[in-house]
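Because only heavy atoms are used, hydrogens play no part in the values below, and waters and symmetry mates are left out as well, while side chains stay in.
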Amino acid sequence: MGFDAGDPVSKERKLRREAREQAARQAQETEARRAARRQTRRDLWRRVSFYELRRRSNGKLSVGQTRAQRAIVAVFVLTALFVIWQLVPSVELAVVLTLVLLLTLPVFVLIAFDRRSS
């Protein structure tokens, strides 16, 4: 008892398999078109938004400053620390003032050397 090639069940299976394969091909093509559109949009956004320039920023305090500006900041900090530790009578207050200096230093550097405003 063999399978007949003209069997209606075999033909039906073949048609269903072809329909599945066709649907899978269409889904792959659709996803490929979507991926190409996403990539095009991403490339356009990177060109328009200066993505590469923003990506280079690493958040360090000294980035974008000249050696002279860094030297000015270092001299200021060392002078402030010297004054704090020499003139403040209480060690606890000196520690607190040192912490305040270190926490507010980035703000003062940004205000003093900000190039975006000029």
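- How far CG of Leu87 is from CG of Leu93: 11.5 Å, rounded to the nearest 0.5 Å.
- With values rounded to the nearest 0.5 angstrom, Asp43 atom CG is found 4.5 Å from Gln39 atom CD.
- The side-chain contact (heavy atoms from CB on, under 4.5 Å) test with Lys14 is passed by exactly one of Glu12, Arg17, Arg16: Arg17.
- Side-chain heavy atoms closer than 4.5 Å link hydrophobic residues (I, L, V, M, F, W, Y) into clusters, and following such links, even through other members, never connects Ile84 to Val100.
- No single ILVMFWY cluster, assembled from side-chain heavy atoms under 4.5 Å apart, contains both Val77 and Val83.
- In this structure the side chain of Leu101 reaches within 4.5 angstrom of the side chain of Phe76, judged on heavy atoms.
- Arg38 and Glu31 are joined by a salt bridge, as a carboxylate oxygen and a charged side-chain nitrogen come within less than 4.0 angstrom of each other.
- Counting heavy-atom neighbours within 6.0 Å of Arg67 CZ, excluding the residue itself, gives a total of 12 or less.
- Linking ILVMFWY residues whenever their side-chain heavy atoms come closer than 4.5 Å, directly or via other members, leaves Leu102 and Val88 in distinct clusters.
- Note that the CD atom of Glu18 and the CD atom of Gln22 stand 9.5 Å from one another [nearest 0.5 Å].
- Atom CG of Leu99 and atom OG1 of Thr104 lie 10.5 Å apart (nearest 0.5 Å).
- Linking ILVMFWY side-chain heavy atoms closer than 4.5 Å, directly or via other members, places Leu97 and Val91 in a single hydrophobic cluster.
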